Amino acid sequence: MKVLVIGSGGREHAICWGISNSKKIDKIYCAPGNAGISNIAEIVNIKTDNLEGLVNFAKKENIDFTIVGPEQPLSLGIVDLFRENNLLVFGPSKYASQLESSKEFSKLFMKRNNIPTATFESFTNYESARNYLDNSSIPIVIKADGLASGKGVKVCFSKDEAFSFLKEVMQDKVFSTSGDKVVIESFLKGEEASFFVFSDGKNILTLDSSQDHKRLMDGDKGPNTGGMGAYSPAPIIDQITRQNILNEIVYPVFEGFKKENFEYTGILYIGLMIDNKKPSVVEFNCRFGDPETQPLLFRINSDIFDLFYFTALNKINDYQLEWKSKTAVSVVLASKGYPASPITGDEIRNLKEIDLSTDEYIFHAGTKLDGNKIIISGGRVLNVTALGDTLEAAINKTYECINKIETKNLQYRNDIGVKGLLKKGK
Ligand code: AMP
Ligand code: GLY
């Protein structure tokens with residue numbers, strides 16, 4: 001089978017790696033891919049927002065199945081376009097993708113269906129939003145309604161901070177039209193975790209738990225990022241918490257889809273805040289998480305291609321998901337200057353010489369090839385991933401692997417997974 005994967009991050013490298021282990025795969029194409037992906041897939045030089053280009057490529061090359069990684073093409077309607085052209089594709093429709101592309105859409109859906117989440121108001125008028133903030137207590141959270149590459153949200157701990165972020169979003173338009181509307185919501189306390197559900201439109205399949213580390217620096221300090229590292233499973237989601245997530249969030253969400261007649265296919269990413277085993281929804285995303293995909297897929301024993309394929313064929317119940325009884329950790333090596341202004345263009349010199357066991361893998365994100373050289377080309381650069389019999393062993397193995405890489409032009413956290421160790425009381 002010929003498969004096209006759309007995207008260029010660590011998530012897409014993990015997807016390409018995962019499906020490449022399937023006997024059903026003859027050839028993988030990836031648009032636009034990265035240096036690491038080029039070892040397992042043919043790189044296609046088409047950008048993720050060029051929907052016409054992608055659909056034409058899929059038709060010309062007789063692609064059997066397409067997996068969409070990032071949110072942008074989903075929110076532009078790539079799945080609808082592929083389906084109109086009778087091409088099999090993994091992901092939700094443009095309509096369903098609004099769960100991620102409009103914060104207001106997703107909050108209203110949660111409100112209608114009694115899903116636990118922060119209380120909120122939305123505004124299109126700057127003065128009204130400012131007045132509302134003036135009468136609110138802090139901390140308070142301001143969110144640009146539309147997509148903003150993870151930068152459109154600010155948890156504000158003072159009124160001044162809130163007023164100035166509101167101005168940036170609504171008046172200075174730093175996120176362009178994504179800031180035409182804002183959602184202002186109450187602050188949720190607790191610890192964040194990620195929960196993923198595959199849905200074929202009728203039935204669902206839930207994955208094991210995982211946890212991202214969104215802040216740049218150790219101890220959850222510094223600015224928010226796309227994610228600096230993740231691990232799976234995450235002890236914060238114990239048996240009781242998992243059951244609460246299913247009963248209070250997952251089942252009501254999919255009941256809500258049914259009631260409201262919208263079909264959700266693909267993967268639903270539920271960003272959670274967990275306070276004393278009680279989960280609330282921070283956000284929905286309509287695609288796999290990055291970097292959570294890397295440790296999650298690294299732990300799957302069954303055919304990863306079939307997981308995507310059976311979902312798209314509306315027969316998820318036929319898929320037997322099997323996990324390795326190991327823990328996986330993935331640490332993001334980011335370029336210096338990330339997230340504000342990543343420094344790109346430097347070479348990572350010794351990547352090719354590093355010996356890896358089958359329990360270790362270096363997924364690429366912001367890398368490109370210049371002849372034989374691997375060059376830093378983005379904010380998040382590499383995701384060093386390892387399996388261990390325990391969380392502690394997985395952490396140790398991941399950092400041992402990082403020590404073999406020339407990291408002088410890179411920055412990374414030293415405490416990925418440590419939260420989980422503390423939970424386990426180790
Ligand atoms: P979002 O894009 O909605 O996931 O927001 C980005 C980040 O902001 C989240 O990962 C949280 O760390 C934080 N955040 C968002 N909403 C809230 C909230 N209501 N309470 C506390 N933190 C929040
Ligand atoms: N892990 C954060 C994200 O994928 O948005």
Side-chain angles (χ1 to χ4, degrees), residues 70-72 74-75 92 96-113 115-195 212-216 220 222-227 249 253 268-275 279-287 289-290 339-340:
E71 62 276 18
Q72 188 207 27
L74 292 167
S75 73
S97 302
Q98 288 179 93
L99 285 172
E100 175 165 4
S101 65
S102 166
K103 301 274 187 203
E104 187 193 40
F105 179 94
S106 112
K107 297 294 287 190
L108 289 172
F109 172 82
M110 286 189 261
K111 194 172 171 184
R112 286 194 301 277
N113 291 284
I115 312 294
T117 188
T119 54
F120 75 102
E121 291 288 337
S122 46
F123 300 90
T124 48
N125 180 280
Y126 173 69
E127 288 306 326
S128 313
R130 205 175 186 289
N131 281 338
Y132 181 80
L133 279 182
D134 215 7
N135 294 311
S136 303
S137 51
I138 50 159
I140 191 132
V141 184
I142 304 176
K143 301 184 172 185
D145 179 61
L147 294 179
S149 312
K151 294 182 188 137
V153 173
K154 185 144 193 136
V155 180
C156 303
F157 291 94
S158 75
K159 284 276 165 83
D160 283 348
E161 202 181 4
F163 290 143
S164 86
F165 188 66
L166 185 73
K167 181 173 171 297
E168 279 173 34
V169 177
M170 291 194 93
Q171 290 209 308
D172 307 341
K173 295 278 178 214
V174 291
F175 308 115
S176 176
T177 53
S178 286
D180 286 351
K181 193 183 278 174
V182 294
V183 166
I184 302 182
E185 64 178 49
S186 59
F187 176 77
L188 296 167
K189 65 179 177 56
E191 191 172 323
E192 287 185 77
S194 308
F195 201 81
D212 187 8
H213 297 64
K214 296 228 166 134
R215 300 299 198 92
L216 182 69
D220 289 335
N224 240 326
T225 69
I249 296 172
V253 163
L268 182 70
Y269 169 163
I270 309 176
L272 296 166
M273 189 69 83
I274 296 166
D275 185 24
S280 306
V281 177
V282 174
E283 65 166 348
F284 290 126
N285 293 316
C286 55
R287 38 85 194 170
D290 192 346

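FYI, the numbering just counts along the sequence from 1. Treat the numbers as computed from the prediction; the structure is a model and nothing was measured.
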Polar side-chain atom of Ser186 near backbone of Thr119 as donor-acceptor pair, under 3.5 Å: yes
Under 3.5 Å donor-acceptor, Asp172 side chain and Val174 backbone: no
Student check: side-chain heavy atoms of Glu100 and Tyr269 closer than 4.5 Å: no
Gap separating the NZ atom of Lys214 from the OG atom of Ser194, nearest 0.5 angstrom: 6.5 Å
Shortest non-hydrogen contact between Pro339 and Thr225, atoms and distance: CG-CG2, 4.2 Å
Sub-4.5 Å side-chain heavy-atom contact between Ile142 and Leu133: yes
pair Phe120-Leu108: side-chain heavy atoms closer than 4.5 Å: yes
Rounded distance [0.5 Å steps], NZ in Lys151 versus CD in Glu168: 12.5 Å
Residue pair Gly226 / Asp212: nearest heavy atoms and the distance that separates them: O-OD2, 3.8 Å
Heavy-atom closest contact (Ala144 atom, Gly179 atom, distance): CB-CA, 4.2 Å
Partner of Tyr132 by ring-ring contact (aromatic ring centres under 6.0 Å, His included), out of Phe123, Phe163, Tyr126: Phe123
Rounded distance (nearest 0.5 Å) linking atom OG of Ser280 with atom CG of Leu272: 8.5 Å
Donor-acceptor contact below 3.5 Å, side chain Ser101 vs main chain Gly146: no
Verdict with reasoning, Lys107 to Thr117, per side-chain contact (heavy atoms from CB on, under 4.5 Å): CA-CA 8 Å; Lys107 297 294 287 190; Thr117 188; 2.9 Å; yes
Any donor-acceptor pair under 3.5 Å from Arg287 side chain to Glu71 backbone: no
For Val183 against Lys103, the heavy-atom pair lying closest together: CG2-CB, 3.9 Å
Test side-chain contact (heavy atoms from CB on, under 4.5 Å) applied to Phe109 and Gln98, step by step: CA-CA 10 Å; Phe109 172 82; Gln98 288 179 93; over 6 Å; no
Under-4.0 Å salt bridge between Lys173 and Asp180: yes
Student check: side-chain heavy atoms of Pro92 and Leu74 closer than 4.5 Å: yes
Min side-chain heavy-atom separation Phe187-Ile140 under 4.5 Å: no
Glu104 side, atom CD; Glu121 side, atom CD - distance, nearest 0.5 Å: 10.0 Å
Any donor-acceptor pair under 3.5 Å from Ser75 side chain to Ser97 backbone: no
Spacing of NZ belonging to Lys143 relative to NZ belonging to Lys154, to within rounding of 0.5 Å: 14.5 Å
Sub-4.5 Å side-chain heavy-atom contact between Leu166 and Arg130: yes
SB check Lys189 Asp275 (cutoff 4.0 Å): yes
Closest heavy-atom pair and its distance - Ser136, Lys159: O-NZ, 2.7 Å
Heavy-atom closest contact (Ala148 atom, Phe175 atom, distance): CB-CD2, 3.8 Å
Heavy-atom side-chain contact between Phe195 and Ile249 under 4.5 Å: no
4.5 Å side-chain heavy-atom contact, Val153 and Asn224: no
Distance in Å, Ser164 OG paired with Gln171 CD, rounded so as to fall on 0.5 Å steps: 12.0 Å
